[in-house]
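Proteins get letters first, then strands, A, B, ... in listed order; numbering begins at 1 in each.
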Amino acid sequence: MIAKKYDASKDKQFQILDQNGKVVNEKMEPKLPKETLLKMYKTAVLGRNADIKALQYQRQGRMLTYAPNMGQEAAQIGMAAAMEPQDWNSPMYRELNTLLYRGDKLENVFLYWYGNERGSIKPEGVKILPTNIIIGSQSNIAAGLAMASKIRKTNEVTAFTIGDGGTAHGEFYEGLNFAASFKAPVVAVIQNNQWAISTPVRKASNSETLAQKGVAFGIPYIQVDGNDMLAMYVASKEAMDRARKGDGPTLIEAFTYRMGPHTTSDDPSIYRTKEEENEWAKKDQIARFKTYLINKGYWSEEEDKKLEEEVLAEINDTFKKVESYGANVELIEIFEHTYAEMTPQLKEQYEEHKKYLEGVK
Amino acid sequence: MAIITLLEAINQAIDQAMEKDESIVVFGEDAGFEGGVFRVTAGLQKKYGETRVFDTPIAESAIVGSAVGMAINGLKPIAEIQFDGFIFPGYTDLVTHAARMRNRSRGQFTVPMVLRLPHGGGIRALEHHSEALEVLFGSIPGLKVVTPSTPYDAKGLLLAAINDPDPVVFLEPKRIYRAGKQEVPAEMYEIPIGKAKVVKQGTDMTVVAWGSIVREVEKAVKLVEAEGISVEIIDLRTISPIDEETILNSVKKTGKFMVVTEAVKSYGPAAELITMVNEKAFFHLEAAPVRFTGFDITVPLARGEHYHFPQPEKIAAYIRKLAKARP
């Protein structure tokens, strides 16, 4: 088991690709088909550019508050690529690349952050719970999803993701303790991006690593270079296989970096240094994964340029579409999903407001 | 028909529902092997096995939150919180997930769970064991809140709650778990959620109560009947959504309205009911509506609880006063 070999409590971090895109751990290099590797890369490029554009749209007053994922693409995609279609995600709100990799539409994601719940409607078969702004409880829900999978014998695994800040929440411990006690098929991934808004991880936890919190649950734990797409894939795959076999949860800490602000309302320049940002920029996942693909003969700079253009056009078209109907919310849609059927009180409130609106017209 | 207690009626409802529907699971701290501290789920683990009826770690947040996950993923969880005052760590999961998942996913994911919660005071328990927190649940969009006052209602309402497509908080009046028995049909039946019951017809005023307080109101009404005061008693049965029709029809007939509850006075459920009556039946009222509630205090320890818990004599005093009130 990799988790045993790379003991996070002894400061060992699991890595396959170094920051120059060189394979430094050949024995662990996964034998993934070319098309999978390219899907991983293309998703990361789309996700990165979508983030950059969303920030621009927000600055132009066209987008509402948005939570960028820049810097966390590998942690999200490495995990997502290790999942089977029947598996569940109980995600945090910063999860764009997981959504894109598993088949949600960029249009939906933009629409949601644009302020329209219609963006929460996932395409058929995308088993990811909707965006949840509250931190922590995804651990509890994951325990429940996975307990149901085990009881119903469905061969599903549930991956839940949480930030370093989220590990300070009680629910993180309750949920993971539940999952461990029931040996529920759960893979817990902490995306340690070093900052909970302005609070650094060293102030939020006294543990050497967040991974070693797994000791308390009696489950395997591992700290992975979260900017290494391959290492994230391999560690996640092993955890998924373990969970699917009935051996219970694994805790993975993806050691990574939030390159952008916490949200568009945040200004990281007041709490972190340019030096720190520059150091982490050198470890960025997209460049190193690109080098790996080029070295393998799977990719070229020309193809990369073309991809960049295609992606930007796609983002541009998508956002225009979102803007064209984004604010077009029917009154009934505000009321109809509170209960399976509207209560008498809700019906009355709906009718009253409808009449008012008709009068206004 | 067997004559059983409210507690036995709940047990029977769960038992029959589990027999019919394999997706139902029952869990909570001590809810499995022991059948809960009140023994409400006693015998179920033996009958349905540890996979469907199980004990959990003492972790209310995870009990509620995992029920949400199970409900999304094809099970029908019936989760137990040991005492009402222990709900607070689980409240986040209830309010931010159970109540919102349907809306958040535009109906793609739903949470058909039942949260069983022994409710209210009067059993001389410890601190945090006697709360009446219906306003915390009744004010949350997406939740339904139900409470029975008789064994018959307990079975019918619980079966309706189990079959409801939305999350239902099922408040069990622990004071009358074993106090009194009633004939309960052996077959499965449902009492619709959202329908109140006229317990006793009357002409001088309408008194609404729920849970164990219905019995205290009945005792109070017996005290004033000899004095010629005729009271219509309504058992609310569902805290949310409120059955406005039954209450308004009654108030239009009697012209006077009172709510009796052990919940707090300020911002409490009585305030909601009285506002509703004021909004919709104001011109039928012959006197200002009255609320007789618990005080705005932390529930007292056992020796002082009788001051706080609505007693029949004091309810009767309020009834007499309202009966005398003239426009």
Side-chain angles (χ1 to χ4, degrees), chain A residues 88 90 112 117-122 124 126-134 136-152 154 156 158 160 169-171 173-182 184 333-348, chain B residues 22-23 25 27 51-52 54-75 77 79 89-90 92-93 95-110 112-113 141-144 164-167 193-194 238 240-245 276:
Chain A
W88 287 91
S90 181
Y112 173 81
E117 283 114 335
R118 243 191 227 178
S120 299
I121 303 170
K122 302 262 185 297
E124 185 76 27
V126 175
K127 289 166 80 174
I128 304 184
L129 297 192
T131 299
N132 171 40
I133 300 298
I134 288 288
S137 288
Q138 61 268 41
S139 168
N140 289 332
I141 299 182
L145 288 167
M147 285 159 76
S149 301
K150 189 173 171 175
I151 290 168
R152 296 173 60 219
T154 56
E156 303 154 348
T158 298
F160 86 80
H169 264 251
E171 294 99 326
Y173 300 91
E174 288 202 16
L176 204 41
N177 184 57
F178 248 55
S181 302
F182 288 102
E333 289 180 37
I334 302 294
F335 285 84
E336 67 184 344
H337 294 300
T338 306
Y339 298 95
E341 263 183 63
M342 272 194 252
T343 62
Q345 283 79 8
L346 259 183
K347 247 181 241 162
E348 188 184 319
Chain B
E22 281 198 353
S23 68
V25 289
F27 59 94
T51 304
R52 293 185 64 197
F54 51 91
D55 293 321
T56 65
I58 310 173
E60 287 79 11
S61 173
I63 290 171
V64 178
S66 66
V68 173
M70 287 185 230
I72 290 170
N73 197 9
L75 294 182
T92 300
D93 293 78
V95 173
T96 60
H97 298 297
R100 285 168 179 253
M101 198 54 78
R102 178 186 291 281
N103 179 64
R104 191 183 289 143
S105 68
R106 303 282 89 193
Q108 276 184 314
F109 297 120
T110 59
M113 66 181 272
L143 296 182
K144 291 179 181 171
D164 198 276
D166 290 308
I193 290 175
T238 302
S240 175
I242 294 169
D243 178 0
E244 297 185 355
E245 201 187 349
M276 188 273 289

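With a 4.5 Å cut-off on non-hydrogen atoms, Glu124(A) does not touch chain B at all. Heavy-atom distances place no part of Ser23(B) under 4.5 Å from chain A, backbone and side chain included. Interface residue Ile63(B): backbone and side-chain heavy atoms are both found under 4.5 Å from chain A. Contacts of Lys150(A) with chain B are absent, with no heavy-atom separation under 4.5 Å from either backbone or side chain. Only the backbone of Ile128(A) comes within less than 4.5 Å of a heavy atom of chain B; no side-chain atom from C-beta onward does. Residue Phe182(A) touches chain B through its side chain alone, counting heavy-atom pairs closer than 4.5 Å. The contact between Ser181(A) and chain B is made entirely by side chain atoms (from C-beta outward), counting heavy-atom distances below 4.5 Å. Heavy-atom distances place the side chain of Thr92(B), and not its backbone, under 4.5 Å from chain A. Both the backbone and the side chain of Leu129(A) have a heavy atom closer than 4.5 Å to some heavy atom of chain B.
Within the 3.5 Å criterion, the main-chain N or O of Lys122(A) finds a donor-acceptor partner in the side chain of Gln108(B). Remark: the backbone N or O of Glu333(A) is paired with a side-chain donor or acceptor of Arg106(B) at under 3.5 angstrom. Proximity of a side-chain donor or acceptor of Tyr339(A) to a complementary backbone N or O of Pro141(B) within less than 3.5 Å is not detected.
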- Would you check, one step at a time, whether the test side-chain contact (heavy atoms from CB on, under 4.5 Å) holds for Arg104(B) with Thr131(A)? CA-CA 8 Å; Arg104(B) 191 183 289 143; Thr131(A) 299; 5.8 Å; no
- Task: Report the C-alpha distance between Phe54(B) and Met147(A) in whole Å, list the side-chain angles of each, state the deciding distance to 0.1 Å, and finish with yes or no for side-chain contact (heavy atoms from CB on, under 4.5 Å).
- Result: CA-CA 12 Å; Phe54(B) 51 91; Met147(A) 285 159 76; 3.8 Å; yes
- Query: So Asn73(B) and Arg152(A), side-chain contact (heavy atoms from CB on, under 4.5 Å) or not? Walk me through it.
  - Reply: CA-CA 9 Å; Asn73(B) 197 9; Arg152(A) 296 173 60 219; 3.2 Å; yes
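Shown here is Gln345(A), whose CD atom has more than 12 heavy atoms of other residues, nucleotides or ligands within 6.0 Å.
The heavy-atom pair separating Glu174(A) from Glu60(B) by the smallest distance is OE1-N, 3.8 Å. Across all their heavy atoms, Pro57(B) and Phe178(A) have their closest contact at CD-CE1, 3.4 Å.
In this model, no donor atom of one side chain and acceptor atom of the other lie less than 3.5 Å apart for Thr338(A) and Asn103(B).
Looking at Asn132(A), Ile134(A), Ile133(A) one by one, the single match for side-chain contact (heavy atoms from CB on, under 4.5 Å) with Thr96(B) turns out to be Ile134(A).
Proximity of Asn140(A) to Val64(B): side-chain heavy atoms (C-beta onward) are nowhere separated by under 4.5 Å.
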